[in-house]
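A short write-up of the structure that comes next.
Throughout, residue positions are numbered sequentially from 1 according to the sequence presented.
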Amino acid sequence: MNLSFFDQFSSPYLLGIPLILPSLLLPALLLPSPGRRWVNNRFSTIQLWLIHLITKQLMTPLNKAGHKWALLLTSLILLLLSINLLGLLPYTFTPTTQLSMNMALALPLWLATLLIGLRNQPSASLGHLLPEGTPTPLIPALILIETTSLLIRPLALGVRLTANLTAGHLLIQLISTATIALLPLMPSISILTALILFLLTILEVAVAMIQAYVFVLLLSLYLQENI
């Protein structure tokens with residue numbers, strides 16, 4: 001029984017094809033068809049407004065030098081949103097519940113922000129390791145603490161995204177299993193559990209969107225420190 005709970009974190013296959021691949025093609029169907037006008041319908045207007053809002057929120061903490069990252073950060077948050085939300089569909093799985101994928105996204109981007117800071121303003125970047133006015137006896141300890149906190153940033157990014165999505169999926173699996181098991185025994189309790197499952201699913205949709213936003217927002221803040 002315990003193993004079956006974690007089977008949802010392995011991609012299901014149909015005719016040897018991972019079902020996550022067709023599901024990732026689903027957002028392409030939502031893209032508006034090209035036309036002669038800038039805005040074809042209300043749906044494309046909502047899409048453009050949403051992308052503009054996301055880009056504005058991400059670029060607000062950055063100066064003009066950081067605006068070069070606008071396309072990368074916007075594409076990253078749209079990718080994470082798509083993967084997190086599509087993972088809630090039946091017969092799919094969420095790739096962002098795998099720590100390896102999250103670390104593959106977090107580590108190179110964090111390292112890029114760090115190298116940009118060391119190249120453009122090495123004194124200011126290294127100055128973050130030692131706060132101003134630190135007593136002399138505390139300097140070695142503070143440098144060690146700040147260096148450790150700097151190095152665990154990509155690990156914190158990956159673990160935060162993995163843990164939140166994994167916990168939500170496990171809760172949904174547990175409550176849905178309890179709902180089915182209680183249906184022939186206590187129908188009233190089963191209906192109440194199904195209501196809790198519905199509310200939890202709505203919460204999980206919100207968590208999927210919030211975690212994608214937090215992941216990219218923290219990357220933009222790390223970038224702001226180094227430019």
With a 4.5 Å cut-off on side-chain heavy-atom distances among I, L, V, M, F, W and Y, is there a chain of contacts connecting Y213 to L81?
yes
So which heavy atom on W110 is nearest to which on R153, and how close?
NE1-CB, 3.8 Å
Quick one about N102 and T96 (side-chain donor to acceptor, distance below 3.5 Å, no hydrogens or angles considered), yes or no?
no
L218-L105 co-clustered via ILVMFWY side chain contacts under 4.5 Å
yes
Would the distance check show the side chain of S176 and the main-chain N or O of Q173 forming a donor-acceptor pair, the cut-off being under 3.5 Å?
yes
Can you get from L161 to L99 by hopping between Ile, Leu, Val, Met, Phe, Trp and Tyr side chains that sit under 4.5 Å apart?
no
Can you tell if the side chain of L78 reaches within under 4.5 Å of the side chain of I54, non-hydrogen atoms only?
yes
What heavy-atom pair brings G158 and A106 nearest, and what distance separates the two atoms?
N-CB, 4.4 Å
Is there a path of hydrophobic side-chain contacts, each under 4.5 Å between heavy atoms of I, L, V, M, F, W or Y residues, that connects L76 with V159?
no
Side chains of residues 184-210: which donor-acceptor pairs under 3.5 Å do they make with residues two or more places apart or in other chains?
| from | atom 1 | to | atom 2 | distance (Å) |
| --- | --- | --- | --- | --- |
| S190 | OG | T179 | O | 2.8 |
| T193 | OG1 | I189 | O | 2.7 |
| T201 | OG1 | L197 | O | 2.8 |
| E204 | OE2 | H169 | ND1 | 3.4 |

Taking L71's backbone N and O only, do any of them form a donor-acceptor pair with T74's side chain (distance below 3.5 Å, no angle check)?
no
Mark yes when over 12 heavy atoms from residues, nucleotides or ligands other than H52 sit less than 6.0 Å from its NE2; otherwise mark no.
no
With a 4.5 Å cut-off on side-chain heavy atoms, are T55 and I51 touching?
yes
Under a 4.5 Å cut-off applied to non-hydrogen side-chain atoms, are T113 and W69 in contact?
yes
Can you tell me how far CG of L223 sits from CD1 of I116, rounded to the nearest 0.5 angstrom?
6.0 Å
Quick one, M103 and L155 - any side-chain contact, counting heavy atoms below 4.5 Å?
yes
Quick check: closest heavy atoms across N226 and Q121, and the distance to 0.1 Å?
C-NE2, 3.2 Å
Tell me the closest heavy-atom pair linking I152 and S149, and the distance in Å.
CG1-O, 3.4 Å
Whether the side chain of S220 engages the backbone of L217 through a donor-acceptor N/O pair (distance < 3.5 Å, no angle test) should be reported.
yes
Taken to the nearest 0.5 Å, the spacing of N84 CG from T97 OG1 works out to 9.0 Å
What is the distance from atom CD1 of I145 to atom CG of L150, rounded to the nearest 0.5 Å?
13.5 Å
Compare every heavy atom of M101 with every heavy atom of P95, then report the nearest pair and how far apart it is.
CB-SD, 3.4 Å
Heavy-atom nearest pair, H67 first then M59, reads NE2-O, 3.7 Å
Hydrophobic clusters here meaning ILVMFWY residues chained together by side-chain heavy-atom distances under 4.5 Å, can you tell me if I172 and L89 are in one?
no
From CA spacing to verdict: side chain to side chain contact (heavy atoms under 4.5 Å, CB included), L115, R119:
CA-CA 6 Å; L115 293 178; R119 185 188 66 177; over 6 Å; no
Does a side-chain heavy-atom distance below 4.5 Å link L157 with Y222?
yes
How many angstroms lie between CG in L165 and CD in Q98, if you round to the nearest 0.5 Å?
11.0 Å
